[in-house]
Amino acid sequence: MADLDNSKLKSKASAAIGWNFIVLMSRQGKIRLSEFFSSYTEAQKKRILRDIATDVLPRQAKMCNIIEKGEYKFVYRRYASLYFVAGVPVEMNELIVLEQIHLFVEALDGYFNSVCELDLVFSLHKSLMILFEMFIGGMLCESNRREVLQQIVEAEEMVESMTKPGEDTSSQLDDGLSFQEQFQLGRKPGARGPRGNR
Amino acid sequence: MDKNAPLKPESSLLQPQLTQRNPTSAPPVANFASITPPHNPTTRHTMSLKLRDLIRQVRACKTAAEERAVIAKESAMIRTAIREEQEQYRHRNVAKLLFMHMLGYPTHFGQLECMKLIASPHFPEKRIGYLGMLLLLSEQADVLMLATNSLKNDLHSNNKFVAGLALCAIGNLATADMSRDLVPEVEKHLGNSKPYLRKKACLAMARCLTKCPDMVEDFCDRVVSLLNDKSHGVLITVVQLMTRVLVIDRNEYFENGEDAMMGGDYDSPVRNAFLKLVPTLVKLLRNLLSMGYSPDHDVGGISDPFLQVQLLTLLRLLGAHNVQASEEMNDVLAQVATNTETSKNAGNAILYECVQTIMAVESEDGLRVLAVNILGRFLLNRDNNIRYVALNTLAKCIADQSSGVKEEENHVGDVEKNSAASALQRHRTTVVDCLKDPDISIRQRALELIYHLVNQSNVEALTAELLNYLVLCPREHRSDICTRILRVVDKYSPSDRWRVDTLITMLTIAGRECAPDVQSSTAVYISRSEEDLRAYSTHKLLKALRDDDGSQRGLLNVGIWCIGEYGDLLLSDYSYNPPVVEEGGEGPVSFMASEPAEVVGIVEQIMTRRSCPAEVKQRALTCFAKLRERYASVADASVLDKLEALVKKHEGSHSLELQLRSCEYGALLNAIKGVVVKREAPVVEDDIFGVSGGGGGTESVSDTVRAAAKEALARMPVVDIKLVQKKREERSGAIIEGGAMDPLDGGHSAPVASGGGDSLLDLADIFGGGSPAPASPSQNGNSSFAAPAPAAAQSDVDLLSDIFSAPAAPVPAPMAPMSGGFDIFSQPAQTTPAPMVNDLFGATPAAPPALPIGSPVMDVFGASPAQPSPIQPQQTSVPTPAAVGGSAEATTVPGFTHQGLTVEFECTKPDTWNKQNSLLVAKFINTTDAPLYGLHLQVAVPKYVTMEMKPPTSTTVPVTGGSSTKHVTQTISVTNTMLGTKNLMLKLKASFTSKGTKVEHMATCSGFPAGQY
């Protein structure tokens, strides 16, 4: 993808679609999720993660949510203590990227019922499932978050139903936060409503 | 949707009395570390940690070392499990690896496990397997090809989730080979009855076509029917697929070198097929606009902004350079531009996309004005993101227009240009204010825009702003800004005085960071100006030097150079009254005269600073030597003695360059005084150049020597500014693309790669950076280059070698600076290995033997702009091609043939006594039916070969054969120092414009007869 975007041939009408990567980073610089849609070497990935920590985290609230980094730019949004940073080609519409990030967050929120950082830590695989349900190859696949959640829930039900007795496939991976952890978050444990209905 | 999925068994542990929120009593997370993993009755092999327990253990770690230990232990467990084939833990281990991967630990050992899970018939395992594959594998992973078969099977699955996972994997990871194998299955899913799979198939297809662009044409028909889909998910993916396909198609088209203007219209089956769909796309967009509230797609009161933006992007690609398509979309664009609600970000995103589309397609003038007004409104928005995109888009518009005008498409760009430019001028203050924004992104964009804003009338005000910004901006940006200011000043300067003033101010602010060519350009401008202005600059620089703390390297370089050159002007008062004193303008300027001792003191002080860079010290030595000459008649003997002492102080310096200069200048000063110092001269045994040093020293110094020495310290010749600008344009031309070089201009800009410096000949260096090969100014033949020395030098060869008491020959010619710019301060260390250096290393450098012997004189300057001089005599010593053609036997070696240009080398031996030298005459043959313009040949040779290139006889190659019999040629003389053991090889890079298309070609030429060349 990057190879296309860096094309030497530029016309008046340039178009770039699709993210190069998405990184979720906490205020403390801890990575909560990262996915590189374009192919990068390990060194490049490290560099990107480092750049995010140094460039995005210190930004003040009033500043714009775009940072140019040569071939790509960071477009980020902050939710509480978590930064959602998308790396997009320079020609891409930054404002719609912000909306796309928000769409993803809304989907996470709908799934986890008021999502928090700890949800993402303990249910990494679930957030990834949502990510891949919404974005393929960095391009938006579904703009309706209800549809996304419905499919996810349906797939999970299928997982549940297929789980053999004694096998910890689903409950093992899906147990999420413990009571105490929910308590720590100030969340009323067990009070989570049905998913995907918000 | 309505189902309550009981995904959290732990929520049943709910104890009502604990639901009260009490953060202070929250147990520390560390406690979880003590929880031992519950014993799983199904565990038969080793105890496997549950995922959540691993996460808790990691979270409980207080130090990074602790965390590493936990992970290392777990990694070992997982490896064991993998080795022992513990199938029941496979998915759990992969889930753990996902977590470890997120933390940045190596997980490659789990890749094969993912492959096994994908192949599993059990959906829960398969699902985790796919997740592992998406995260842990990269496109380059070898195991990925193992997945092809599993993917194929899964694509045939009746379960939509299984097929969906496979499509998702293809869309994210497929390689070219996989794409080719799986594309039939993906295509089948494009027509699937479930929108869930149709949309995923679209994006998977986008990936496949990106990887295998040659398949594009086969699939464009399939796309068409999908545009009538009801599902927004399918629509948005198919529109993205079409956009991707168009981009791929365009790149393919131009890479295949079809005859088309760059960025202009082109014709391809895919594009034509898609152009027919414009009305459908327009209808889609219109439906979206008129659609009522739909909770599924509503974002801030706007229905599906994602789809709207994608549609606008696609329309932009289709409407560009196509009048009919542009007309078809005109109305809907107007509708979007006027009716979109802008209170929310989503609306602004659409508007932003719409403006970009309006600007790019052939839209009506009224619409363009509307778009520019929207941008103007954006500029005043309080939201920084909106301001950012406004600045960005305005800069893009203006840049497009200026290049559009170059492409002679100004009939379209005119209105737009005027409207955009006038809108910009209206918002000038806003843009300038953006420079002061605390946000770096905004500042960068504003800066970019301001460069485009500058014109004759506002250059003074805007440059002042830029200088202000220079003070504030982060260090790493300063160099770039300096270069940009130089370009602006170059182009729009109202007067010489203002220009020099601005540049000096810039150096006082950012002399530390500015690029060497900014420094040399400043010096060049000063040297070119009137005597009055030189005096002014030198006074000003002296003052700046006095005030500076010695860290502004660029300022020191320029200042010391000027003081050396024009030190005599400092001795008188200077005052300047501007003809009309404007409001707020500068009043009269006056400087007091300085005493010679004072001037010397200032430079000395700079030089003795501990932090003083070597480069400045070298400059200072030159300065002292020159001042000694300038002040010979005016200053006290004490000052003169001090100057001499300063010059000679470094005769024992550890820095070879300093020592060299010190000795050489000392010798020169002695020569002027008529003193000959006998020195135990190191005699180079093998004097291959037949220029003898003539023994130690002679008894007396002749007048000619004295004159030559004086000449050596005289003022530098004035540099031809056109050449400097030319160089800079060439360089910036590489950045500003699409700016086709005027073939007429190209006439005297053909680069000449001058041999001599090893690093120059590094092949990678020449072709890697993409910067034009350094050009020697000699080709210009401009008489303003009259170098002072050669006349004297040539006749006084022997005498001069007396001065140096050493063979003067093995001195490579000062070469053109690497940067390709015209550098007054060319790196002396490389250009002037002198006798002593030579001696120290005990080796004879591979100097081009054909070099004029006069070059040592030039060397005395150390930093000399007068590179032409060594080459001028050269021209006489090398037989002209015509002469050679008649006398010697020529061998013709083919260079390359590419796109109608054939290059051949006619090789001859110019010197019977030195077989190492060869003369290659490159013959350019044009086999197309139109002339080739802007020919530019770059040649690189291996390190054992030295090379000298002449400009081509013309940069335009007419059609060969028929009417014109005269070939365009370019003479290259090479010296193979390893003749007999190694053969001559050339690496060629030619660029030219054929029928409006810029062509670049690289080739290697090694067909020279072995042993002879």
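All chains are named by letter (A, B, ...) in the order of the sequence lines, taking the proteins before the strands, and each is independently numbered beginning at 1.
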Heavy-atom donor-acceptor pair, A:N144 side chain to B:H297 backbone, under 3.5 Å: no
Short side-chain to backbone donor-acceptor contact, A:R145 and A:M134, under 3.5 Å: no
Part of A:L49 lying under 4.5 Å from any heavy atom of chain B: neither
B:N392 portion near chain A, given a 4.5 angstrom heavy-atom threshold: side chain
Backbone of B:Y352 reached by a side-chain donor or acceptor of A:N93 within 3.5 Å: no
Best-contacting candidate, B:Q140, B:K344, B:K160, B:K126, against chain A by heavy atom pairs under 4.5 angstrom: B:K160
Side chain / backbone / both / neither for A:Q100 at chain B, heavy atoms under 4.5 Å: both
Residue among B:N384, B:I442, B:N385 with most heavy-atom pairs under 4.5 Å to chain A: B:N385
Flag side-chain contact, heavy atom, 4.5 Å: A:I22 against A:F37: yes
Whether B:R56 side chain and B:V58 backbone form a donor-acceptor pair below 3.5 Å: no
Part of B:D304 lying under 4.5 Å from any heavy atom of chain A: side chain
Heavy-atom check, side chain of B:L241 versus side chain of B:T237, under 4.5 Å: no
Side chain / backbone / both / neither for B:Q240 at chain A, heavy atoms under 4.5 Å: both
Among the listed options A:E35, A:K46, A:E94, the residue most often paired with chain B at heavy-atom distances under 4.5 Å: A:E94
Contact origin within A:L33 toward chain B - heavy atom pairs under 4.5 Å: backbone
Interchain contact, B:F161 with chain A, by part (heavy-atom threshold 4.5 Å): side chain
Residues A:Y111 and A:E156: side-chain donor-acceptor under 3.5 angstrom: yes
Evaluation steps, salt bridge (Lys or Arg N to Asp or Glu O under 4.0 Å), between B:D437 and B:R387: CA-CA 11 Å; B:D437 202 280; B:R387 272 162 68 201; 2.9 Å; yes
B:E353 versus chain A, the contacting section by heavy-atom distance below 4.5 Å: both
Segment of B:Y388 engaging chain A (4.5 angstrom heavy-atom cut-off): side chain
Check: A:Y76 main-chain N/O paired with A:N65 side-chain donor or acceptor under 3.5 Å: yes
Sub-4.5 Å side-chain heavy-atom contact between B:R207 and B:K211: yes
Option that, when pairs with chain A are counted at under 4.5 Å, heavy atom only, ranks first among B:L135, B:N348, B:I236: B:L135
Contact origin within B:D298 toward chain A - heavy atom pairs under 4.5 Å: neither
Among the listed options A:K30, A:R32, A:K45, A:M158, the residue most often paired with chain B at heavy-atom distances under 4.5 Å: A:M158
Candidate pair B:D439 and A:R59, rule salt bridge (Lys or Arg N to Asp or Glu O under 4.0 Å), full reasoning: CA-CA 8 Å; B:D439 188 342; A:R59 307 247 319 160; 2.9 Å; yes
Which atoms of B:L307 approach chain A - backbone, side chain, both or neither, heavy atom under 4.5 Å: neither
Most contacts with chain B, counted as non-hydrogen pairs under 4.5 angstrom, among A:L140, A:T41, A:I67, A:I31: A:L140
Region of B:K200 in contact with chain A, defined by heavy-atom distances below 4.5 Å: both
Part of B:Y130 lying under 4.5 Å from any heavy atom of chain A: neither
A:E147 side chain to A:Q151 side chain, donor-acceptor N/O pair below 3.5 angstrom: yes
Flag side-chain contact, heavy atom, 4.5 Å: A:L124 against B:M102: yes
Residue, of B:E139, B:Q310, B:K199, that accumulates the most heavy atom pairs under 4.5 Å with chain A: B:K199
Portion of A:K73 that has a non-hydrogen atom of chain B nearer than 4.5 angstrom: side chain
